[in-house]
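Below, read A as the first sequence line, B as the second, and so on, with proteins coming before strands; counting in each chain starts at 1.
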Amino acid sequence: MGRIWNGFYTLPIPNQLGSLWVNFNSPLLWDVFAISTYLSVSLVFWWTGLLPDFAMIRDRATKPFQKKIYSLLSFGWSGKAKDWQRFEEVSLVLAGLATPLVLSVHTIVSFDFATSVVPGWHSTVYPPYFVAGAVFSGFAMVQTLLLIMRKVSNLEGYITRVHIENMNKVILVTGGIVTVAYLSEFFVGWYTGSSYEDFTYLSWGAATGPYWWAFWALITCNAIIPQFLWIKKIRTNYIWTFIIAIFINIGMWFERFDIIVINLSRGHLPSTWSQFSPTFVDIGIFLGTFGFFFVLFLLYARTFPVIAQAEVKSILKSSGDNYKRARDAGEPTPKVTPPVVVEKETEPVVEKDSDAKTSSLLESLGTFDINTQQPDDLKKVKGIGPVMEKTLNQIGIYSFDQVSKMTKNEYDLLDSITDSFPGRAQRDDWAGQANKLKS
Amino acid sequence: MSSKVIHALYDDDDVLLKAVKDVRAAHHHIEEVYTPFPVHGLDRAMGLAPTRMAITSFMFGITGLSFAIWFLNLIMIQEWPQNIGGKPSFSFAENMPAFVPIMFEMTVFFGAHLMVITFYMRSKIWPFRKAENPDPRTTDDKFLMEVAIDGNENDLTSLLEKTGAIEITVNEKH
């Protein structure tokens, strides 16, 4: 596979190369079929699920170029009732088909090793162990990326502690399965009494031999460290979850390293015994995988929705606090009348005797003629809510230009007029914010 | 039939669902409902027939399985029998266990991809297709019911107002 222009060798395509023909009895060919099916079905599932979200971005896009791109991506999705009905069933069937695909693809990858005669690879426990390992490492990788995305994209309201904890429980269970598989490999290696089995990647020979560091890295990262997730305080903590997930990522990398490098370093033929040392090509490819992954991931995060918004919308209302309260109180939840907007801040009264202060305030800020000038949306300034905006308007402040001229003097004056939130304007630096908004 | 339609906009899925039922009960023809997310029970309320997507997937899966059996028999048993690792090509039945993974993958491959293609074709969604939702807000957070007008504009408007629509407009059918 290093020569990708010869990649078609792996497919049953008639060719001019004489006896070159794929072997349908070989796990390597099964793997070609399993991976292609898994990859293509996942891609189609993912894209179909994205269509409604692309449609939303298309309809909200303000720039023509973006509108064009997202129109193309959304395939003209319109959200018709019949389309949604089909969408739901297609999603259900694809989910049903993708689940056995997960099992099959990891089972078949393990066949690549298990059907060979190399000591340490030739192992019947491989299929279930690889499936559990895939779920284990997959969840850890998701935790790693999710916890960062959650912070960076401000998704705290959508990705909650409950999600993280539940994922940690899955990691704990699959990590347990992986650990049991390690132990059984270790036991069987010892119990056979075969000298070859004493240098498989899970054996006493490996633990004390030249690759002891790889062996113990695997055991520590995959078998020991995840056990901390038994403690509720740790598995509900974002930072600890992140740290443990990183360890599992490293551990699962070592699992592959150990399976391939340690097992191949001591084969049946002593003349083949050797230590592995990576060439610059090996290292380059390894670093390249990181680059390739992060380019795609960051492009995705920048341009595509990172959570399935159509799905979130379908539970957004019923998961809200107001809805739950109304439902529990037996009130009719679908309210026909639009809900009344309740404002938390009580409207401060501008008193008559503050007229003098008002005029002196306006003197330094400059007056605003509501009839000829366009008022700015003062709510854009952090710290100014709808009520405060109304108050400011009552005083005669309508534009960012006026707000930007405010200094300590004006803030104090404003506080004494409105009588609410003393010091808040200064703390939030309304003038500085308004200055930015002005341009 | 007149070429005019009335568009009623809603901002709540439960209100919409009840409105659909009311409009249907009053024997008006709902042309289409556009929603930002799948509203459960909407298809039944509108009287849409259940979708047959799952059945098509099953049939495509059977097709994939048959195709895999046919070509594996053709190329591995009939056309080019080989002795691989001391295991000769006897007959399809005897060599079949080694073909199970491929047969499974082909079944899933056909079932998934052909179903999705069928979905795209039936719902008329593909690259470069123009969207048909009459109001861009329907992919965001609003729901739109399109009802055909048959010389009963005033009746219909008052009925829709009662169902809790937040906006009612009369449009030419496009």
Side-chain angles (χ1 to χ4, degrees), chain A residues 12 21 23-27 29-30 33-34 36-38 40-41 44-45 48 51-52 55-56 58-60 71-90 92-94 97-98 100-101 104 107-108 111 309-314 317 333-338, chain B residues 11-15 18 32-40 42-43 46 48 50-51 53-54 57 72 75-76 80 82 84-85 87 95 98-99 101-102 104-106 108-109 111-113 115-116 119-120 122-133 136-141 163-164 166:
Chain A
W21 188 242
N23 174 8
F24 280 92
N25 297 346
S26 163
L29 189 78
W30 302 345
F33 274 75
S36 337
T37 307
Y38 188 45
S40 63
V41 171
V44 160
F45 191 11
T48 305
L51 292 179
M56 178 191 63
R58 171 196 73 208
D59 288 345
R60 287 180 64 96
S71 300
L72 176 60
L73 295 180
S74 68
F75 290 7
W77 177 264
S78 307
K80 294 176 185 171
K82 187 74 193 176
D83 296 357
W84 275 122
Q85 185 199 37
R86 293 191 183 118
F87 178 93
E88 290 261 272
E89 187 151 308
V90 164
L92 185 72
V93 172
L94 281 179
L97 288 173
L101 269 188
S104 80
T107 300
I108 291 173
F111 286 167
Q309 305 201 22
E311 272 178 46
V312 172
K313 280 179 202 167
S314 65
K317 185 180 64 168
T333 36
K335 279 187 192 137
V336 175
T337 49
Chain B
D11 62 355
D12 187 297
D13 50 343
D14 293 315
V15 176
K18 187 156 183 314
E32 192 55 79
V33 177
Y34 299 89
T35 64
F37 57 81
V39 177
H40 292 283
L42 180 63
D43 47 352
M46 283 172 69
L48 295 178
T51 174
M53 281 295 145
S57 177
L72 283 167
I75 64 187
M76 295 303 288
W80 197 347
Q82 298 164 89
I84 296 160
K87 284 171 273 186
N95 288 46
F99 303 149
I102 308 269
F104 169 76
E105 299 298 338
M106 295 300 275
V108 174
F109 189 92
H113 287 302
M115 172 185 65
V116 170
F119 166 47
Y120 286 4
R122 289 289 287 143
S123 288
K124 297 191 172 60
I125 45 176
W126 47 72
F128 297 105
R129 190 169 164 85
K130 277 239 171 316
E132 285 170 358
N133 48 333
R137 287 172 292 176
T138 58
T139 52
D140 187 6
D141 60 352
T163 60
I166 56 165

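- Both the backbone and the side chain of B/Thr35 come within contact range of chain A, judged by heavy atoms closer than 4.5 Å.
- Of all non-hydrogen atoms in A/Val41 and B/Ala112, the two that sit nearest each other are CG2-CB, 3.7 Å.
- Note: B/Glu32 leads B/Lys18, B/Glu32, B/Met46 in heavy-atom pairs under 4.5 Å with chain A.
- Taken to the nearest 0.5 Å, the NZ atom of B/Lys124 stands 12.5 Å off from the NZ atom of A/Lys82.
- Here CG of B/Asn133 is found 12.5 Å from CE of A/Met56. Values are rounded to the nearest 0.5 Å.
- Residues A/Pro52 and B/Phe37 fail the side-chain proximity criterion, which asks for heavy atoms closer than 4.5 Å.
- Looking at A/Arg86, the atoms closer than 4.5 Å to chain B (heavy atoms on both sides) sit in the backbone and in the side chain alike.
- Ranked by heavy-atom pairs shorter than 4.5 Å toward chain A, the options B/Gln82, B/Arg129, B/Met106 are led by B/Arg129.
- Qualifying salt bridge (Lys or Arg N to Asp or Glu O under 4.0 Å) partners for B/Asp13, counting only residues two or more places apart in sequence or in other chains: A/Lys317.
- Between chain B and the residues A/Ser36, A/Ala98, A/Ser71, A/Ala34, the most heavy-atom pairs under 4.5 angstrom are made by A/Ala34.
- Heavy atoms only, all atoms of each residue included: A/Ala310 and B/Pro36 are closest at CB-O, 4.0 Å.
- Here the closest heavy-atom approach between residue A/Thr37 and residue B/Glu105 is recorded as CB-OE1, 3.5 Å.
- Looking at A/Gln85, the atoms closer than 4.5 Å to chain B (heavy atoms on both sides) sit in the backbone and in the side chain alike.
- Contacts of A/Pro27 with chain B are absent, with no heavy-atom separation under 4.5 Å from either backbone or side chain.
- What you find for A/Leu97 and B/Ser57 is that their closest heavy atoms are CD1-OG, 4.1 Å.
- When the candidates A/Leu51, A/Val312, A/Leu29, A/Leu94 are compared by the number of heavy-atom contacts under 4.5 Å with chain B, A/Leu94 comes out ahead.
- Contact annotation for A/Leu73: neither backbone nor side-chain heavy atoms come within less than 4.5 Å of a heavy atom of chain B.
- Of the listed residues B/Ala54, B/Pro127, B/Pro50, the one with more heavy-atom pairs under 4.5 angstrom with chain A than any other is B/Pro127.
- Only the side chain of B/Met76 comes within less than 4.5 Å of a heavy atom in chain A; its backbone stays farther off.
- The contact between A/Ile108 and chain B is made entirely by side chain atoms (from C-beta outward), counting heavy-atom distances below 4.5 Å.
- When the salt bridge (Lys or Arg N to Asp or Glu O under 4.0 Å) test is applied to B/Asp141, no partner is found at least two apart in sequence or on another chain.
- For the ring pair (Phe, Tyr, Trp, His ring centres under 6.0 Å) with A/Phe75, the qualifying choice from B/Phe119, B/Trp126, B/Tyr120 is B/Tyr120, the only one to do so.
- Within the 4.5 angstrom heavy-atom criterion, no atom of B/Arg137 approaches chain A.
- Of the listed residues (B/Val116, B/Leu42, B/Val39, B/Thr138), the one with the most heavy-atom contacts under 4.5 Å to chain A is B/Val116.
- Options B/Asp43, B/Leu48, B/Asn95, B/Thr139 differ in how many heavy-atom pairs under 4.5 Å they form with chain A, and the most are formed by B/Thr139.
- The two residues A/Ser314 and B/Pro38 make their nearest non-hydrogen contact at CB-O, 4.4 Å.
- Contact record, A/Ser40 with B/Phe109: OG-CE1, 3.5 Å, taken as the closest heavy-atom pair.
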